[in-house]
Participant: 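Here you go, one structure.
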Amino acid sequence: IKIINSWANLNSLYKENKEKYELLLWADSKGNAMNTSDPYGSSVSIKERDYFISIKTGEDISISNALISKSSGEPVIVLAKKVVDDKGKFIGMIGAVLKLNTFASITNSIRVGETGYAVLVDGTGTAIAHPDPTIMMKLNIVEKIENYPGLDKIGKNMIQGKEGIEKYQDIKNKISKRYHNISWLNC
């Protein structure tokens with residue numbers, strides 16, 4: 001990865017791709033991050049964020065579960081990539097912050113049969129894209145949900161990377177649910 005060695009370079013890269021991202025960020029090895037949402041490049045700490053910890057402890061790439069952006073307060077995911085110096089020493093990470101509504105616009109266009117729809121969940125089972133925006137970031141399909149017996153079993157299979165077709169009961173009738181694991185990156 002080309003090292004982003006200046007604030008101007010980070011902002012330039014963001015301006016070329018701003019329709020894709022909420023923001024881009026650069027963090028040093030201690031988790032002090034600057035991002036493109038702040039025109040002055042003020043630093044904010046991300047050292048407690050799972051994606052940073054994953055990168056710092058050895059992962060080359062990390063994709064966060066859904067979280068609330070420290071910059072905008074909106075639900076996002078973060079795609080992070082380790083940055084090393086010429087000797088292979090960890091010096092920080094670069095990240096792209098993607099708004100969840102980007103994913104919702106894609107999944108909302110998918111129809112299954114006459115009444116079916118697509119839902120995207122993160123690695124914890126939290127719905128990050130759903131046709132009903134009031135459900136995003138609130139519904140977790142690995143937890144027992146009173147009016148949907150059996151959905152939690154499907155949710156647990158989903159986050160384990162399993163694929164299949166199973167039935168669960170909602171208030172009105174039985175529903176078949178097909179689930180499939182999505183590989184985010186091919187690295």
Side-chain angles (χ1 to χ4, degrees), residues 14 17-25 27 31 33 35-38 44-55 61-80 95-185:
Y14 172 70
N17 299 282
K18 65 182 174 184
E19 70 282 351
K20 299 176 186 175
Y21 312 114
E22 175 182 282
L23 57 89
L24 297 177
L25 63 91
N35 67 63
T36 54
S37 73
D38 181 352
V44 61
S45 177
I46 61 165
K47 67 182 180 184
E48 81 289 351
R49 295 289 201 178
D50 289 341
Y51 60 87
F52 179 77
I53 294 167
S54 175
I55 292 289
I61 293 174
S62 180
I63 302 170
S64 76
N65 287 310
L67 53 93
I68 301 300
S69 169
K70 286 187 173 189
S71 295
S72 69
E74 296 295 320
V76 297
I77 62 165
V78 179
L79 308 174
V97 180
L98 305 171
K99 297 177 186 179
L100 291 187
N101 64 10
T102 302
F103 297 103
S105 66
I106 295 168
T107 58
N108 290 347
S109 68
I110 299 170
R111 291 288 169 243
V112 182
E114 291 182 29
T115 60
Y117 53 86
V119 175
L120 187 63
V121 298
D122 70 8
T124 67
T126 300
I128 62 173
H130 193 284
D132 179 352
T134 64
I135 290 177
M136 287 176 46
M137 297 289 291
K138 294 181 180 132
L139 173 69
N140 187 306
I141 64 170
V142 300
E143 298 171 356
K144 287 190 184 273
I145 303 168
E146 182 179 334
N147 295 324
Y148 299 93
L151 184 58
D152 58 319
K153 177 184 172 196
I154 295 170
K156 289 173 185 167
N157 285 340
M158 288 172 70
I159 66 168
Q160 291 173 5
K162 297 179 181 176
E163 299 179 11
I165 299 174
E166 295 189 40
K167 294 186 184 304
Y168 71 95
Q169 182 79 36
D170 75 356
I171 298 169
K172 298 175 185 171
N173 51 28
K174 286 189 178 182
I175 297 174
S176 290
K177 173 82 65 183
R178 177 168 178 74
Y179 50 97
H180 182 76
N181 187 32
I182 298 173
S183 296
W184 284 91
L185 296 174

Participant: Atom CD1 of Ile61 and atom CD1 of Ile63: how far apart are they, to the nearest 0.5 Å?
Facilitator: 7.5 Å
Participant: Would you please name every residue forming a side-chain contact (heavy atoms from CB on, under 4.5 Å) with Asn65, sequence neighbours left out?
Facilitator: Asp122, Thr124
Participant: Nearest 0.5 Å please: distance from the CD atom of Glu143 over to the CG atom of Leu151.
Facilitator: 11.0 Å
Participant: Output all residues satisfying salt bridge (charged side-chain N to carboxylate O under 4.0 Å, His left out) with Lys156, sequence neighbours left out; order by chain, then residue number.
Facilitator: none
Participant: Within this structure, what is the CE-CD1 distance for the pair Met137 and Ile68, rounded to the nearest 0.5 Å?
Facilitator: 4.0 Å
Participant: I need the full list of salt bridge (charged side-chain N to carboxylate O under 4.0 Å, His left out) pairs touching residues 64-77, with sequence neighbours left out, sorted by first then second residue.
Facilitator: Glu48-Lys70
Participant: For Leu139, give me all partners under side-chain contact (heavy atoms from CB on, under 4.5 Å), at least two apart in sequence or on another chain.
Facilitator: Ala127, Ile135, Ile141, Ile145
Participant: Give me each pair satisfying ring-ring contact (aromatic ring centres under 6.0 Å, His included) with a member in residues 114-145, each pair once, sequence neighbours excluded.
Facilitator: Tyr117-His130
Participant: Return the set of residues passing side chain to side chain donor-acceptor pair (under 3.5 Å) with Ser109 (not counting sequence neighbours), or none when no residue passes.
Facilitator: none
Participant: How would you list, by chain and number, every residue that makes a side chain to side chain donor-acceptor pair (under 3.5 Å) with Asn108, sequence neighbours excluded?
Facilitator: none
Participant: More than 12 foreign heavy atoms under 6.0 Å from CG of Asp50: is that the case here?
Facilitator: no
Participant: Who are the side chain to side chain donor-acceptor pair (under 3.5 Å) partners of Ser71, not counting sequence neighbours?
Facilitator: Asn35, Ser37
Participant: If you define the side chain from C-beta out and look only at heavy atoms, does anything of Thr36 sit under 4.5 Å from Tyr21?
Facilitator: no
Participant: Nearest 0.5 Å, please: how far is OG in Ser69 from CG in Leu98?
Facilitator: 11.0 Å
Participant: What residues, two or more places apart in sequence or in another chain, satisfy side-chain contact (heavy atoms from CB on, under 4.5 Å) together with Glu114?
Facilitator: none
Participant: Evaluate the side-chain contact (heavy atoms from CB on, under 4.5 Å) criterion for residues Leu67 and Arg49: first the C-alpha distance (whole Å), next the side-chain angles of each, then the deciding distance (0.1 Å), finally the verdict.
Facilitator: CA-CA 9 Å; Leu67 53 93; Arg49 295 289 201 178; 3.6 Å; yes
Participant: Please list all pairs meeting salt bridge (charged side-chain N to carboxylate O under 4.0 Å, His left out) that have one or both residues in residues 145-155, counting only residues at least two apart or in different chains.
Facilitator: Lys144-Asp152, Lys153-Glu166
Participant: Carefully, step by step, assess Ile46 and Tyr51 under the rule side-chain contact (heavy atoms from CB on, under 4.5 Å).
Facilitator: CA-CA 9 Å; Ile46 61 165; Tyr51 60 87; 3.7 Å; yes
Participant: Who passes side-chain contact (heavy atoms from CB on, under 4.5 Å) against Thr102, sequence neighbours left out?
Facilitator: Lys99
Participant: List for me each residue that meets side chain to side chain donor-acceptor pair (under 3.5 Å) alongside Asp132, sequence neighbours excluded, and say none if there are none.
Facilitator: Thr134
